[in-house]
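Take a look at the structure below.
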Amino acid sequence: MLPKAYDPSGTEDRIYKMWEDSGAFKPSGDESKETFTISMPPPNATGQLHLGHASRMTVEDVFTRFARMGGKEALWVPGTDHAAIATENVVIRKLQKEGMKSPREELGREKLIEKIKEFVGESQATIRGQVRKMGSSCDWSRERYTMGDSLNRCVNEVFCKMFADDLIYRGHRIVNWDPKLQTNVSDDEVEWKDMTDPFYTFQYGPFQIATVRPETKFGDKYVVVHPDDKRYAEYKHGDTFDCEWINGSITATVIKDEAVDPEVGTGAMTITPWHSVVDNEIADRHGLDKEQIIDFDGNLLPIAGEFEGMKIANAREKIVEKLDKKGLLVKTDEKYTHTVATNSRGGGSIEPQIKLQWFIDVNREAVDWKGKKMSLKQVMQDTVKSGDIKIIPERFEKVYFHWIDNLRDWCISRQIWWGHQIPVYYKGAEEFAGVKPPEGDGWSQDPDTLDTWFSSSLWTWSTLVDPKLTEDFSLTLKEILEKSPDYQKFHPTQVLETAYDILFFWVARMILMTTYVIGEVPFEKVYLSGLIRQRDGKKMSKSNPEGCIDPIDMIEKYGTDALRLSMVMGTGAGNDLKLYEEKIAGYRNFVNKLWNASRFVLMQCEEAGVDPHAVASCTPKSLADKAVVSALQDLVDDVSESLEKYRLSEVGERLYTFTWDYYCDWYLELSKGEANPEVLIHVLRTIVTLLHPYCPFVTEELWESIKPKDSGMLISEPWPESDAKLKDQSSQDDLQITIDVISAIRSLRADQGLEPAKKVSIIVYSKHAKLLESQRVHIESMTRLENLTIDSAAQKHEDVASAFLNAAEVHMPLEGLIDKDKELAKLQKDRDQLEGFIKGINAKLGNKKFVENAKEEVVALEREKLESAEGKLKKVLERLESLS
RNA sequence: GGGCGCAUAGCUCAGUUGGUCUAGAGCGUCUGGUUUACACCCAGUAGGUCGGGGGUUCGACUCCCUCUGCGCCCACCA
């Protein structure tokens with residue numbers, strides 16, 4: 001016998017181990033099966049799993065389990081990400097906390113990397129444990145790491161291929177430099193923050209110019225105005241003038257450029273091409289000089305004269321003071337708000353700099369795609385436009401296209417040590433790109449490493465490559481792919497699940513890289529989840545501990561199944577989810593309910609002397625049996641259909657309601673009168689199976705007690721299918737009778753002066769009717785029944801239930817009980833509605849476009865609706881006639 | 001500046017090609033309940049002009065327009 005309450009902590013680890021040891025997570029190797037692959041978005045190996053990860057794992061596990069039970073060859077590939085900048089930063093800070101002042105200098109490259117590897121190893125172990133805690137049915141034998149050797153080979157191969165195709169180039173470009181972390185970051189990693197700073201207006205010869213950054217103004221010798229600005233019409237492009245400036249007199253040149261907005265400030269500005277993207281573009285257009293003012297540590301260079309070597313923040317005030325003394329400060333606006341670029345990867349503020357860096361050219365038409373030469377941008381657009389890749393929800397396709405439109409060349413080099421080192425080697429003026437270092441002495445490798453997203457962007461296929469083959473340098477990448485069975489079998493993957501906040505970072509770049517490298521899409525569908533938020537709608541973060549939830553705490557307290565349910569319910573694709581403890585507790589209750597329902601069913605079996613494992617088929621006897629079995633068939637159909645469409649929340653809710661309200665509160669209650677163990681077991685088995693992808697642990701545990709004789713683990717069970725015969729068994733008339741019986745009993749009791757049998761009659765009305773929408777019964781007809789005859793008088797609830805269960809033969813007169821005027825008005829309204837409805841559907845079916853474009857089932861459904869409406873209308877008309 | 005999303009009961013949300021939704025769930029409120037599972041339970045009660053306004057339609061929470069309030073993304077900021 002099962003214990004009284006379900007205890008997740010004593011169950012989950014044991015079950016997970018059983019699954020893993022049995023090999024249930026691995027594809028079966030059956031060649032006839034359709035494959036279903038998901039790549040796990042690799043969590044950063046920088047510490048702990050958070051709720052966002054837990055949500056990823058849950059959704060992906062639901063997909064995987066559903067596919068596996070649905071008879072597919074399901075593979076979910078797990079892994080971790082080396083998270084270049086973030087990880088290096090975490091380790092450096094950790095070392096600093098331990099007392100090391102500047103770990104990079106003190107340790108040097110090799111030793112720091114060793115330290116990082118150590119840390120990553122620990123993190124990975126933690127993460128592996130936590131991914132298991134979530135019940136993830138991923139194939140651990142295929143686990144990969146973005147910094148693994150086989151992935152490194154793929155990264156180098158791809159780099160060299162792009163280099164050979166001139167899609168990768170090295171050049172002096174303006175980049176987002178972070179002086180604190182001493183590296184640049186990509187445009188997408190820049191976070192703009194609102195700041196309030198003083199806004200100074202200075203006299204600059206005959207012009208007035210405004211700035212928040214006087215410390216960049218040393219090199220300014222151009223003043224730019226809009227060509228159509230009438231205020232400055234007297235000056236021509238190229239005019240020069242002398243003026244007094246910070247460190248003495250300079251000669252300035254007038255530049256006319258449309259980038260200037262005449263509405264802002266005075267409509268005139270000076271430019272700093274070396275330290276501003278826009279200024280740099282202006283300078284490029286007119287061939288102007290560029291000078292570096294600030295060094296890579298954020299200090300002023302000799303051009304600043306007396307201010308040389310000062311930190312910019314310190315210099316600012318002093319420069320303003322000096323200009324004020326010279327009488328050049330016109331005014332100061334203290335409350336000016338603007339946005340400042342910061343490094344979202346835990347760094348400081350961004351100081352644009354011109355640097356020699358590696359870039360991927362997104363505009364060069366050098367990619368073979370569908371028989372044409374296209375640019376990386378064009379291919380990215382085509383995959384989604386053509387429908388090769390579908391994004392769910394669809395609205396994100398627009399966001400995706402917009403991002404591509406604004407995309408500039410992707411800067412892939414970083415000045416940190418943790419990452420894939422750029423496979424380019426130099427010797428004097430010679431340059432060599434290769435997966436292996438060149439022969440001979442004197443070569444040194446480019447010290448920079450690649451953007452972490454470079455390796456992630458190869459994730460779907462590089463994880464499927466056979467690692468052994470990557471050790472053989474005589475093979476080309478193409479040959480490696482051809483000889484890798486997993487890649488051949490499991491790529492492209494079916495669905496990529498991730499949160500929408502990394503659509504650009506990761507999803508778009510996987511599309512970019514995979515289409516280019518192997519000529520196929522990385523995945524067929526992208527399912528974008530929302531973010532998990534606190535109850536107040538804010539992002540979960542450790543800085544706000546009150547609303548921040550740790551998944552592991554919740555698992556300990558409520559069990560993994562409850563946590564999983566709480567993250568799947570009440571949200572759709574692309575929508576954020578507010579999560580809080582009460583919600584998780586609510587689903588813990590549900591899991592416990594399921595547990596107790598099973599206990600009850602097993603008790604019933606024991607009482608009836610039925611071995612639950614021996615139950616092979618089910619024969620519904622009473623009306624209630626028929627009703628529950630019939631409803632179960634609808635449930636199976638609805639759940640399967642909605643899961644195919646990724647409507648996880650809808651499915652969850654449907655299962656929840658069916659299990660609790662219908663099966664437990666209605667059918668199990670009735671079974672207390674007279675039970676049909678076969679039906680009880682059959683329905684329970686189906687429910688437990690359908691719930692398995694959502695709450696795998698409790699269902700697997702229950703399965704052990706209720707499974708048929710020859711079955712194995714639930715994880716490997718086939719998905720239920722509906723039985724059309726069972727579905728038809730229960731007709732609307734049958735249910736009408738059941739309701740009437742209850743009403744009859746109620747009236748009878750009233751006649752005999754007994755208390756009304758309130759409880760049961762209400763159960764039947766409110767729950768039963770609600771769940772079987774098509775078989776709804778109006779309460780009016782129940783309350784007005786009179787003059788009834790029935791064989792057995794009900795004295796107790798048990799009798800009511802028993803009468804109900806045996807009620808197939810009872811019929812009731814319904815006539816003479818109605819308020820005529822009300823009924824008439826209602827009938828007339830019904831008639832008008834139905835006539836309109838029929839007209840509407842006829843119009844739809846008469847529409848050629850609709851009939852041609854809609855699926856057959858949809859058209860059939862419309863026809864069905866029409867028929868039923870016509871039938872109803874007929875009844876309404878008859879009734880109207882008989883009344884009047 | 002460009003784009004996207006949200007607004008439904010006190011709170012968190014379902015409601016997917018407009019039609020048994022004159023709107024549902026969970027939690028919370030209040031009332032009653034230990035009958036053969038479950039108090040992590042059962043039954044019931046109160047609570048909503050589906051953000052405001054207009055339009056299309058026989059019919060609108062659902063489609064269109066508009067206004068208001070929140071949130072997000074992108075671009076830019078001298």
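To find a chain, count down the sequence lines: A is the first, B the second, and so on, and within it residues start at 1. Here the structure is a predicted model, which means the values were calculated and not measured.
Only the C1' atoms considered, B:rU22 is 28 Å distant from B:rU68, to the nearest whole Å. For the C1' atoms, the distance linking B:rU49 with B:rA39 amounts to 39 Å, nearest Å. Straight-line distance between the P atoms of B:rA43 and B:rA7: roughly 30 Å, to the nearest whole Å. Annotation: B:rU34 and B:rC21 have their P atoms spaced 35 Å apart (nearest Å). To the nearest whole angstrom, the two C1' atoms, one in B:rG24 and one in B:rU62, are 15 Å apart. Going from the P atom of B:rG10 to that of B:rG52 covers 14 Å, rounded to whole Å. The C1' atoms of B:rU36 and B:rG28 are separated by 32 Å, rounded to the nearest whole Å. Comparing B:rU56 with B:rC65, their P atoms are spaced 15 Å from each other, to the whole Å.
Backbone-only engagement by A:F199 is indicated by non-hydrogen atom pairs under 4.0 Å involving sugar-phosphate atoms exclusively. Counting non-hydrogen atoms under 4.0 angstrom, A:R647 reaches a base of the nucleic acid. As judged by a 4.0 angstrom heavy-atom cut-off over every strand, A:V601 is placed among residues making no nucleic acid contact. Counting any heavy atom pair closer than 4.0 Å across all strands shown, A:W192 reaches a base atom. Among the heavy atoms of the strands, none lies under 4.0 Å from A:D279. The residue A:Y336 sits close only to the backbone: its heavy atoms come under 4.0 Å of sugar-phosphate atoms, none of a base.
Put simply, A:W660 has a side-chain N or O that comes within less than 4.0 Å of OP1 or OP2 on B:rC42.
In this structure, the side chains of A:Y6 and A:T11 come closer than 4.5 Å at one or more pairs of heavy atoms. Between A:R316 and A:P214, the closest side-chain pair of non-hydrogen atoms falls below 4.5 Å. In this structure the side chain of A:L528 reaches within 4.5 angstrom of the side chain of A:T498, judged on heavy atoms. Between A:V568 and A:V651 the shortest side-chain heavy-atom distance does not fall below 4.5 Å.
Using N1 to N3 plus N6-O4 or O6-N4 for Watson-Crick, or N1-O2 and O6-N3 for G-U wobble, each under 3.5 Å, B:rG1 pairs with B:rC74. B:rU68 is paired with B:rA7 under the criterion used here, namely a Watson-Crick or G-U wobble arrangement in which both key atom distances are under 3.5 Å. The base-pairing partner of B:rG32, taking Watson-Crick or G-U wobble contacts with both distances under 3.5 Å, is B:rC42.
Aromatic ring centres of A:H402 and A:Y400 lie farther apart than the 6.0 Å criterion allows. Aromatic ring centroids of A:F658 and A:Y663 lie 6.0 Å or more apart. Ring to ring, A:F207 and A:Y232 are close: their centroids are under 6.0 angstrom apart.
The side chain of A:R533 lies closest to B:rC72 when the candidates are B:rG5, B:rA37, B:rC72. Nearest to the side chain of A:V278, among B:rA75, B:rC73, B:rC76, sits B:rC76. Comparing B:rC74, B:rG26, B:rC40 against the side chain of A:R588 picks out B:rC40 as the nearest. Checking B:rG2, B:rC42, B:rU36 against the side-chain heavy atoms of A:K593 singles out B:rC42 as nearest. Nearest to the side chain of A:E607, among B:rC40, B:rC4, B:rU36, sits B:rU36. Minimum atom distance to the side chain of A:N592 is reached by B:rC38, of the listed B:rC4, B:rC38, B:rG2. Closest to the side chain of A:K4, from the set B:rA37, B:rC38, B:rC76, is B:rC38. Looking at the side chain of A:V399, the nearest of the listed nucleotides B:rC74, B:rA37, B:rC73 is B:rC73. Comparing B:rG3, B:rU36, B:rC41 against the side chain of A:N589 picks out B:rC41 as the nearest. The side chain of A:N596 sits closest to B:rA37 out of B:rA37, B:rG26, B:rU36.
Atom pair A:F600:CZ and B:rC38:P shows a separation of 10 Å (rounding to whole Å applied). In this structure, NZ of A:K645 is placed 12 Å from P of B:rU16, rounded to the nearest angstrom. One can place CZ of A:F401 at 16 Å from C1' of B:rC74, the figure rounded to the nearest angstrom. Computed from coordinates, the A:F590 CZ to B:rC42 C1' distance equals 17 Å when rounded to whole Å. Rounded to an integer number of Å, the gap from A:L684 CG to B:rC38 C1' is 14 Å. Rounded to whole Å, the distance from CZ on A:F504 to C1' on B:rA75 is 12 Å. As a whole-Å value, the separation of A:E582 CD from B:rG26 C1' is 11 Å. Rounded to a whole Å, the CD1 atom of A:I350 is 17 Å from the C1' atom of B:rC76.
Atom NZ of A:K390 has 12 or fewer heavy atoms from other residues, nucleotides or ligands within 6.0 Å.
Nucleotides of RNA chain B nearest to A:G267 and A:A5 differ in position, and the one nearer the 5' end is that of A:A5. For A:M269 and A:A597, each mapped to the nucleotide of RNA chain B holding its nearest heavy atom, the one lying further toward the 5' end belongs to A:A597.
Using cut-offs of 30° and 60° for the angle between ring planes, the A:Y656 and A:F590 rings count as parallel. Using the six-membered ring where Trp is involved, A:Y500 and A:F396 have ring planes that are parallel, under 30° apart on the 30 and 60° scheme.
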Please write out each protein N/O paired with an N/O of nucleotides 12-15 of chain B under 3.5 Å, distance rounded to 0.1 Å.
unit_1, atom_1, unit_2, atom_2, d
B:rU12, O4', A:Y580, OH, 3.2
B:rU12, O2', A:Y580, OH, 3.3
B:rC13, OP2, A:K578, NZ, 2.8
B:rC13, O3', A:G570, O, 3.2

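Under the salt bridge (charged side-chain N to carboxylate O under 4.0 Å, His left out) criterion, A:E701 pairs with A:R14, sequence neighbours left out.
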